[in-house]
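Sequence lines set the chain letters: A, B, ... in the order given, protein chains first and strands last, and positions in each chain run from 1.
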Amino acid sequence: MRRWLPLAAALGLAALAPLVLEQYKLYVLSLTLVYLILAIGLNLTLGYAGQISLGHAAFMSFGSYAVAVLAQYRVPFEIGLCAGVALAFGWGLVLGFPALKVKHHYLAMVTLGFNIITFLVIRNWESLTGGSYGISNIARPAWGRLSFQSDRAYYFYILGWTVVVVASAYWILSSRWGRAFRAIRENEMRAAVVGVSLRNYKLMAFAIGAAYAGIGGALFAPLVAYIDPGAFTLDRSIQFLMMVVMGVGLGIAVMFLRGKE
Amino acid sequence: MRYGHTVSSLLAVVMAFGLVGLATAQSTIKVPIVVEVTGGGASVGAMWRDAVTMAIEEINRKGGVLGAKLETSVHDTQTDPPTSVAVMRRVLNDKPFAIFGTVYSSSTVANMDLARQAGIPQFTGSESIIITQKGNDNIFLTSFTQDTGMAKFVRWLTEDMKAEKIALIWVNNAFGKGGHDMFVQFLKERGKTPAVDISTEVQQADFTPELTKVRASGATHVFMYSHEEESARFMIQLRKMGLQVEPVGETTMCTQTTITPGGAAVNGARCHVGLVASAPQPAMVDFGRRFQEKYGRVPDHNAYKGWIGVHMMKAAVQRVGAWDQAKVRACLHNNLFTTVEEPGLLMDLWVNEKGSVDRESFIVEVKDQKPTVLKTVPMLGRGYKERSCK
Amino acid sequence: MTDVVQLFVAGVSIGAIYAMAAIGFVLLWQTSNTINFAQGEFVVVPAFAMVLFSVVWKLPFAAAFIATVLVSTLLLGLLVKEVLVNRLLKMGVLPLVIATIGLSLFIRYSLQQFWTPLALPFPAIFSREPIRLGTIVLSREELMNVLFAGVVIGLLHLFITRTKIGWAMQAVAQNRNLASVLGIRVSRLVTLTFMLNAALTAVAAVLIAPIYLVKYDIGVAIGLKAFYAAIIGGFNQIRGALLGGLLVGVVETFAAAYLSSHFRDAFALVILIAVLLLKPEGLWGEREEWA
C-alpha cells in the first residue's frame, strides 16, 4: 500500500493544479504530461528492453498528424487518436524487424534513418499534411456538448490519458512481458537460452513504445494547436532520448527553465 | 521502483513552478520581446532583440510615448514553436501592452492566436505568406509579406532586368515555400515560368547538382531564395564553376549576413531588398551608424524590422492619443504613416487590412562586399491616405 | 556528358572529405568500441580554431594549421579520452553513445552562445579559379581536396600496416584481451587512436570549411554523413570507410541532380538501411565477431 502513496499524492496534486495555476504554468504542465507519455514509451523500448531508438519523434508525428488531418474533416478526436496509434504501432512493428537483425549503433542508425525519411515524407506530401506550412487551429476533443476546448478542461483530458498510460505501462512491466524485456536487456543469449522468444518481445518493445508515442503525439497537436514538420525532426528524438536517460522530470524541468532569460 | 523517480521529479517540477511568483510593476508600459535567442534562429533573433532594445532605450531617453516610459524584457523561444507558445503565455500573464516577436514564421503562426485572444497587439519580423492568411487582425508585420515583396521583385526582374530565362532555387521550408509559390504565381501572371525549379534543404552545403542543372537549362538569371549561409555557399560555388548567369535575390542574398561569409563571391549579385543600411535615406544610414556604435556590428534587415516595429506602435499610439489597444489595432489597418509624424519609421509605410506593409524598397547590387543601392522602387499601391484614429 | 563528369568530380571531392571523417570514426570503433556521435563536432572545433589562428590572430597559414592540429589533438583526442571515455567505457556501449551525443550538443551550443551563431568566412587554401577542360569546368579546390585526402589516407594506411604502432592498433582492433596479454598497453594505444582521429578531423576541417563555411551547426550534417559512410562502406576496414565516403558523396550528388531534389537526404539513407538489413558488416567490410 505504501508504494502507492507517492503516486496518489502526485495524482492529487496534479488534479488540484488547475485551481491554482494560471494559463502559462498550466500549459507547461500539460506539455510536461505529454512529454511524460512520450518518455514512458521510449523508456519501455530503450530502458527496459534495451533497444536503442532514435526514431521516437516519427511515431509521435503519426499521432499528431492523424489527429490534425482528420480534425479538418471534423472527425472526432478519439478516432484520430486511434488512427494515429494504429499507424504508430504498425510502423513500430516494422521497425522492430531490423531490431532483430542488428544491434546498438546499427539499430540507432536504422531508427535515425526512419526518423529522417518520415520527416521528408511529411514535408513533401503537401496535399495531405500541408507540407512546410503546417496545420493550425487543431480542434480539441469534444464529447457531444462537453467540450475540452478550455485550457483547464484539456489539461484534465491529458491528465486522464496520462493516468491510463502510466497504469498500463506499470501493468505491462510487472507482467511477464516486463520480465522478458529486462531479460533481453541484460543478456540476449541468456534470455534466449531460458526460452524467452527474443523475436516477439523485441517487436513488441518497439511497437508498444511507438504506440505510446502515438498517444503523446495525438495529445500534443491540439495543445499547441499548430504543427509543422519541423516539430518532428531528429533533434526532437534526441531530446526524448536525453529525457529518458536523465530522468523524465529533470529533463523536462531543464528544458523549460532554459526558456527564462 | 523506477517510477518513484519519475513521480518525485514531476512533483519537484510542479512545486518549482508554483513557487515562482511573478512580481509586476504597474507604473510603466510593458512591451516584452519574444524572440529566438538560442536554437537555429539565434542570429536572426539577436538582431531583432538588439534593435528593439535600442529603440526603447532611445524613446525613453527622449521622454517616452505620451509621457509614459516603456519597459521591456527578453524571452527566449529557442526557435521551437511549442516553446514559443509557452513563452507567449507567460508573457501574456503580465498583461503587456504589445509584444515584439517572433521572427521565425513557424513560431509566429503557432503563438499569434494567443496574443489575439488576449487582445495584445503583436509586431512580428516574420515574412511568410501564411501569417496573413489566417485571418488574424492582431498581427502586424514589419516588412512585406511575400506577396508584396515578390510582386515588386517580379516586376523589377521582368520589366527592368528584362530577364528571359529564370532559374529558381529555393529552400524547402515555410519561408522558402511561401516565396516560391508567390514568385511562380506572379511570373505566371506575366506569362512566364521558371526555366528550372529546384528545392534545397536548410543547412545544405553542396549545390553542384543545382548549378549543373542551371547551366544545362541555359538560364540567363538564377534566383536563389534561401537563408543567409546557404546563399553564401551557393554564390561561392557558382563563381567556382564559372557559371555565366546573373544571380538575383530577394533580401537574403544581398544582406550583410550573407556577404560576410560569402566574401567576394557575392559581388555582382543584384537584389530587391526592403531594408538596407546603405539606403540613400539619411534616417536609414543614421540608424545603421548608431546601431554599429552600440553593438559593434552592421544591422541586417531583421534589426531594421525590429526598430521599425517599435516605432509603428509609437506612431499608432500617438495618433490614437491614448494607450488603447483596440483603437491602436484599428489604427494599424488600412492606414498610412509617414516619417513626418514619426521619424523613427525611417520610411513612409502603409499598413493594409491584413497587417502587412507596403513601402518603398530598393534594388541593390553587391559591390566591394557591400550592398550598394542602385535605385528606389516605389510602393506597390497608389493613393494611400492617412486616416485619423481618434 | 559534361554534366556527368562535373557531378562525378564534385561527388568524389565531397566524398573524400566524408571519408576522412568516417575513417577516424571507424578507427575509434575498432580500437575502443566508441561510437562517436560527436564526430561532426570534432570537425567543427578545429574549423573554429583555424579561424581563430589565421583570421583573428593572423598567423601564417602553416603555423595556424599546425596550431589547429595540436589544439584538436589535445582537446578532442587526449582530453576527451581521459575525461570521458575512460570512465564510461567500462559500462558498455550505450552509456558512451549517450555521452557522445551529449558532447556533440554541448560543443554545438557552446560555440553558438559563446562565439557566434553566424557563419564565418574561411580563407580558401587553394585557388578558386576554374580549370576548363573543354566544356567541363573543374575547380582547383575540388581536385586538391581529392588529392590531399588521398595523400593523408595513404599515409595513414602506411602507418597502420608498416609501423609497429600500427600493428599494435590492428592487434587491439582484432582482439583486445589477447593484445593486452601480449604486452600491448591497450589504454595508451586507445589514447593514441583518439589523438589520431582528432588530427584527421582537423585536416578534414581545413578542407571542408571553405565549402561549408564555419558555423556551429555544420557538424550535424558532416557527422551523419560520416556514419553513413562508415556503415555503408564497412565498419571494420579503413578502405571500407574510404569507399563508403566516396559512394555517399557521389550518390548524393547524382540523386539530387537526376532524381528528386525534395528527397535528396533520403537516398543515402535508403542505401544505408538496405546495407544494414542485407549486409550489416558493410559493402566492403567483414563480419564482426561476438566481441
Side-chain angles (χ1 to χ4, degrees), chain B residues 36-47 76 78-79 169-170 172 177 196-216 227-233 236-244 256-266 297 300 369, chain C residues 2-11 13-15 17 109 112-113 116-124 126-132 135-142 208 210-218 220-222 225 249 252-265:
Chain B
E36 295 77 12
V37 178
T38 58
S43 49
V44 157
M47 284 282 182
D76 179 17
Q78 302 177 30
T79 322
I169 317 280
W170 53 284
N172 200 340
K177 183 129 181 45
V196 164
D197 183 341
I198 314 182
S199 79
T200 61
E201 301 293 330
V202 182
Q203 294 175 6
Q204 182 170 324
D206 183 47
F207 292 96
T208 315
E210 287 77 7
L211 289 166
T212 311
K213 279 195 154 163
V214 167
R215 189 180 52 189
H227 299 288
E228 287 80 353
E229 284 85 31
E230 291 81 344
S231 301
R233 292 175 189 138
I236 293 176
Q237 286 163 29
L238 190 149
R239 298 301 183 207
K240 252 187 0 179
M241 279 181 74
L243 246 59
Q244 303 298 325
Q256 196 60 49
T257 331
T258 305
I259 299 174
T260 308
V266 192
R297 56 181 197 270
D300 75 353
Q369 300 185 35
Chain C
T2 55
D3 288 352
V4 174
V5 176
Q6 190 96 49
L7 290 169
F8 184 73
V9 173
S13 170
I14 202 112
I17 300 178
Y109 292 113
Q112 181 203 52
Q113 281 297 294
T116 174
L118 302 168
L120 299 171
F122 193 86
F126 309 118
S127 140
R128 289 219 173 110
E129 278 301 305
I131 307 173
R132 290 176 201 276
T135 45
I136 306 171
V137 181
L138 305 173
S139 76
R140 239 163 260 219
E141 197 175 60
E142 275 173 346
I208 212 172
I211 309 173
Y212 271 67
L213 302 174
V214 178
K215 195 179 177 212
Y216 68 93
D217 60 5
I218 60 176
V220 179
I222 297 175
K225 306 291 167 60
E252 255 187 7
T253 314
F254 275 98
Y258 294 120
L259 299 174
S260 159
S261 68
H262 289 267
F263 280 98
R264 76 172 358 102
D265 283 347

Of all heavy-atom pairs between Asn172(B) and His262(C), which one has the smallest distance, and what is that distance? ND2-ND1, 3.2 Å
Report the distance from atom OG of Ser199(B) to atom CZ of Arg264(C), rounding to the nearest 0.5 Å. 6.5 Å
Please classify the contact between Arg140(C) and chain B as side chain, backbone, both or neither, with a heavy-atom cut-off of under 4.5 Å. neither
Portion of Leu120(C) that has a non-hydrogen atom of chain B nearer than 4.5 angstrom: backbone
Out of curiosity, Glu142(C) CD to Met241(B) CE, how far, rounded to the nearest 0.5 Å? 8.0 Å
For Leu7(C) and Pro209(B) the tightest heavy-atom approach is CD2-CA, 3.7 Å
Should we count OH of Tyr258(C) as having more than 12 external heavy atoms under 6.0 Å? yes
Chain C contact via Thr257(B) - side chain, backbone, both or neither, heavy atoms under 4.5 Å: side chain
For the student: nearest non-hydrogen atoms of Gln6(C) and Thr208(B), plus distance: O-CG2, 4.5 Å
What part of Ala256(C) gets within 4.5 angstrom of chain B, counting heavy atoms only: side chain, backbone, both, or neither? both
Ranked by heavy-atom pairs below 4.5 Å to chain B, first place among Ile222(C), Ile208(C), Leu118(C), Leu138(C) goes to Leu118(C)
Can you tell me which portion of Tyr216(C) sits under 4.5 Å from chain B's heavy atoms? Options are side chain, backbone, both or neither. side chain
Heavy-atom closest pair (Pro210(C) atom, Ile236(B) atom, distance to 0.1 Å) is O-CD1, 4.2 Å
What option among Lys213(B), Glu230(B), Arg215(B), Glu228(B) has the most heavy-atom pairs under 4.5 Å with chain C? Arg215(B)
Exercise: identify the closest heavy-atom pair between Ala216(B) and Asp3(C): CB-OD2, 3.6 Å
Most contacts with chain B, counted as non-hydrogen pairs under 4.5 angstrom, among Asp217(C), Val220(C), Asp265(C), Ile14(C): Asp217(C)
Where do Gln112(C) and Ala42(B) come nearest, in terms of heavy atoms and distance? NE2-CB, 3.4 Å
Residue part contacting chain C, namely of Glu229(B), when any heavy atom lies under 4.5 Å: both
